A.B. asks: 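Got a structure here, written out as structure tokens. Questions coming.
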Amino acid sequence: MRRRGTPVLIVLLLIFIIGVAGVITMYVQRHTPTKEEMDKNEYYGEMAEDEIPLIFETEILESRGLMEGDTAYLPLSVVNQYLNPKFYWSEDEQEIFYAHPEELEKIAPDDGSGRVLLKGDQVYLSVDYVKEYTDMDAQMYENPKRLVVNYKFDHQIVTAEKEEAVRYRGGIKSEILTSVNSGDEMWLMEEYENWTQVATADGYIGFIPKDALSDPKDSDREVQYTVEDYTSIHRDEPINMVWHQVTSREANAAFDEDMANVTGVNVVSPTWFSIANNKGDIKSYTSKSYVQKAHDRGMEVWGLIDNFDDNVSTLKVLSSSSARARMIKQLMTAAGNCGLDGINVDFESMTEETILHFLEFLRELSIECRSRGLVLSVDNPPPQNYTTYYNRREQASVADYIVIMGYDEHYNGSQEPGSVASLPWVTEGIEDTLKEVPAEKVIHGIPFYTRLWRTAAGIVSSEAISMPQAEEVIKVHNVETYWNKEVHQNYGKYEDGNDVYEIWLEDADSIAEKVQLVPKYQLAGVAAWKLGFEDSSIWKVISKNLTAK
């Protein structure tokens, strides 16, 4: 019996040992980091023979760079989006334009310098050419060949405290992308419980154990590029501007009458110029005597140019180098002949396709204004989701002032009645603009008009009326008004037959609160649309609140 039991015990012991070994093996396998490396060509994606992947700090771009011999090239679209929007491809002249503060540089693809490359319809710029005018670092790495570009330098940095693998995913079983040594720095992207997502200096974006890294720190890199000085004109006192709608040369004669009760205004902007045709000719209503009268009253004159002619294609004009040059030349000639102090650009309803050319127009116009000491101001709608492409930051880099047209919150055609410029909406427009434009360059545009809204049989319509007209409506219809705390305006409502009328008043109370936003946000000043729509008492209200503490 003993002899028979011994083999059974041995078998059971062997089974136990094998089971334990299996468990240990599974445990070891589960907790042993894989040494498998990821295929780099798979990681960066398939490339044509002359293409190279582009790694911009913490992003691997879908766009590819090019190698021509030993020279690396970036697509112009990538340069404009990430690095420097001032490089502009002139389709009609087949050249790259670069607007410096005092001159316009032009580079053709076939000039022999190798700075510009044209392949099919795609434009590329050499990395060295871009670096001439851009604060950036660029480094080429091999196996596979790839270009790593740093340009924002606003991410936090973490340092490897020991040699460690950087993996494609978080987890020790994920394939290895690369390895870092103790002291190597990486961009910090995201921190998780046990793993940290990083971007390595040599162009890999992956995960590393959190305990292998130092605490994050801010980048201390200083600007290495000598920034060109796009000088701006700034007045010591707040701008108090009013737009003056002038629709004919003869209308200039009404200057004295229109300005009779005006006080405190130091800039008047008459609507003197319009784009006349797609060749870049302009209509002009300038008057030398008007300018002299304004100067005698201590006012500067900033002539306004608009794009309101429906027969003119703003895209065609601005995308033509010759049309832009023609328009600018005529503006400068007119400005010189009548003694203008500045140009106010009021191009509205521009498409995303047009903005690229509009920005180039502003750059080229700024060169001429800067050389003549003319103030360049640009009117913009308040930032909205549908105007993010306006690139107010780039506008402000070459213009002296950016004017927010802080009105038309509700406009003719709106589906429901409402304020032309409620205070919360106006404030939001200012705060969003300040994300792109320095406060000292922002002029806050306010309305002198309101809208009388009519709802008849469910159909909403409105008409723009002046301050005196609005007061007349209130008086004639005996309308009771009250201060609406939500919009910060006096509101009134009345019925006439079956029709319902509503009005959100622009008056001394609402204007005072709007103007107080100028000192609150330390803005450059205020501009009002339009002369003749105001109550004469409003000028004291503006002056009083423009510098209120």
Side-chain angles (χ1 to χ4, degrees), residues 238-243 267 269 304 306 344-352 355 358-359 362 376-397 399-451 462 464 484-489 491 504-507 509-530 533 538 541-542 545-546 548:
I239 299 295
N240 187 351
M241 182 174 101
V242 64
W243 282 291
V267 177
S269 180
L304 180 148
D306 65 47
N344 178 239
V345 180
D346 187 18
F347 289 0
E348 299 184 18
S349 302
M350 289 185 293
T351 64
E352 188 168 1
I355 287 297
F358 175 64
L359 294 172
L362 293 181
L376 175 59
S377 59
V378 189
D379 302 338
N380 279 260
Q384 303 285 339
N385 290 335
Y386 53 85
T387 64
T388 54
Y389 57 83
Y390 269 56
N391 199 344
R392 294 162 179 83
R393 186 184 309 276
E394 178 62 13
Q395 292 185 43
S397 74
D400 299 301
Y401 295 106
I402 301 298
V403 186
I404 308 172
M405 295 182 288
Y407 35 81
D408 282 349
E409 177 184 4
H410 294 85
Y411 50 90
N412 190 30
S414 291
Q415 298 301 307
E416 59 182 24
S419 169
V420 166
S422 67
L423 193 68
W425 182 82
V426 168
T427 302
E428 181 182 23
I430 290 173
E431 291 178 347
D432 287 345
T433 298
L434 292 176
K435 295 174 183 177
E436 298 183 80
V437 182
E440 65 270 17
K441 285 195 171 192
V442 175
I443 295 177
H444 170 33
I446 61 174
F448 278 167
Y449 68 96
T450 188
R451 287 194 170 275
S462 70
N484 185 314
K485 294 180 180 179
E486 292 184 4
V487 299
H488 291 250
Q489 287 176 280
Y491 167 79
W504 285 260
L505 292 170
E506 291 296 349
D507 53 20
D509 295 329
S510 68
I511 294 297
E513 293 210 13
K514 288 180 176 66
V515 176
Q516 286 168 12
L517 297 175
V518 173
K520 177 180 179 180
Y521 290 96
Q522 298 182 310
L523 307 182
V526 69
W529 177 265
K530 63 178 179 173
F533 265 38
I538 209 68
V541 173
I542 293 175
N545 290 280
L546 192 55

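Computed from a prediction, not measured in an experiment: that's the story for all the values here.
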A.B. asks: Please check if the number of heavy atoms outside Tyr411 that lie under 6.0 Å from its OH is greater than 12.
C.D. replies: no
A.B. asks: Any donor-acceptor pair under 3.5 Å linking the side-chain atoms of Asp346 with those of Trp243?
C.D. replies: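 No.
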A.B. asks: Counting distance only, does the side-chain N/O of Arg393 pair as donor-acceptor with the main-chain N or O of Lys435 below 3.5 Å?
C.D. replies: yes
A.B. asks: Would you say the side chain of Val515 lies within less than 4.5 Å of the side chain of Ile446, judging by non-hydrogen atoms?
C.D. replies: yes
A.B. asks: May I ask you to check whether Thr450 and Glu506 show a side-chain donor-acceptor distance below 3.5 Å?
C.D. replies: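 The criterion, which ignores hydrogens and geometry beyond distance, is not satisfied for Glu506 and Thr450.
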A.B. asks: Under a 4.5 Å cut-off applied to non-hydrogen side-chain atoms, are Tyr521 and Leu434 in contact?
C.D. replies: yes
A.B. asks: If you define the side chain from C-beta out and look only at heavy atoms, does anything of Tyr407 sit under 4.5 Å from Val426?
C.D. replies: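 They are not in side-chain contact.
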A.B. asks: Could you check Arg392 against Thr387 for side chain to side chain donor-acceptor pair (under 3.5 Å), going step by step and ending with a plain yes or no?
C.D. replies: CA-CA 10 Å; Arg392 294 162 179 83; Thr387 64; 3.2 Å; yes
A.B. asks: Does Gln522 CD have over 12 foreign heavy atoms under 6.0 Å away?
C.D. replies: no
A.B. asks: Do Phe448 and Ile538 have side chains that get closer than 4.5 Å, going by heavy atoms?
C.D. replies: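 Yes, side chains in contact.
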A.B. asks: Consider only side-chain N and O atoms of Glu436 and Tyr390, and report whether a donor and an acceptor are under 3.5 Å apart.
C.D. replies: no
A.B. asks: Does any part of the side chain of Asn240, heavy atoms only, come nearer than 4.5 Å to the side chain of Leu546, both counted from C-beta?
C.D. replies: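 Yes, their side chains come closer than 4.5 Å.
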A.B. asks: For Tyr491, which residues count as a ring pair (Phe, Tyr, Trp, His ring centres under 6.0 Å) partner, sequence neighbours excluded?
C.D. replies: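 Testing Tyr491 for ring pair (Phe, Tyr, Trp, His ring centres under 6.0 Å), a comparison that skips the adjacent residues, returns Tyr482, Trp504.
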A.B. asks: Using only atom types and a distance under 3.5 Å, with no angle test, would you say the side chain of His444 pairs donor to acceptor with the backbone of Gly525?
C.D. replies: no
A.B. asks: Would Ser422 and Gln489 satisfy side chain to side chain donor-acceptor pair (under 3.5 Å), going step by step from the backbone distance to the final call?
C.D. replies: CA-CA 7 Å; Ser422 67; Gln489 287 176 280; 5.9 Å; no
A.B. asks: Side chain of His410, backbone of Ser419: donor and acceptor closer than 3.5 Å?
C.D. replies: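 Side chain of His410 to backbone of Ser419, a donor-acceptor pair under 3.5 Å: yes, one is there.
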A.B. asks: Are the side chain of Lys441 and the backbone N or O of Ile402 linked by a donor-acceptor pair below 3.5 Å?
C.D. replies: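 Not confirmed, Lys441 side chain does not pair with Ile402 backbone.
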A.B. asks: Hey, does the side chain of Asp507 reach the backbone of Ser510 with a donor-acceptor pair shorter than 3.5 angstrom?
C.D. replies: yes
A.B. asks: What residues, two or more places apart in sequence or in another chain, satisfy side-chain hydrogen bond (donor to acceptor under 3.5 Å, both in side chains) together with Asn412?
C.D. replies: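 For Asn412 there are no side-chain hydrogen bond (donor to acceptor under 3.5 Å, both in side chains) partners, ignoring immediate neighbours.
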A.B. asks: Would a 4.5 Å heavy-atom cut-off, applied to side chains only, mark Gln395 and Asn380 as touching?
C.D. replies: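 Side chain of Gln395 against side chain of Asn380, heavy atoms only: contact under 4.5 Å found.
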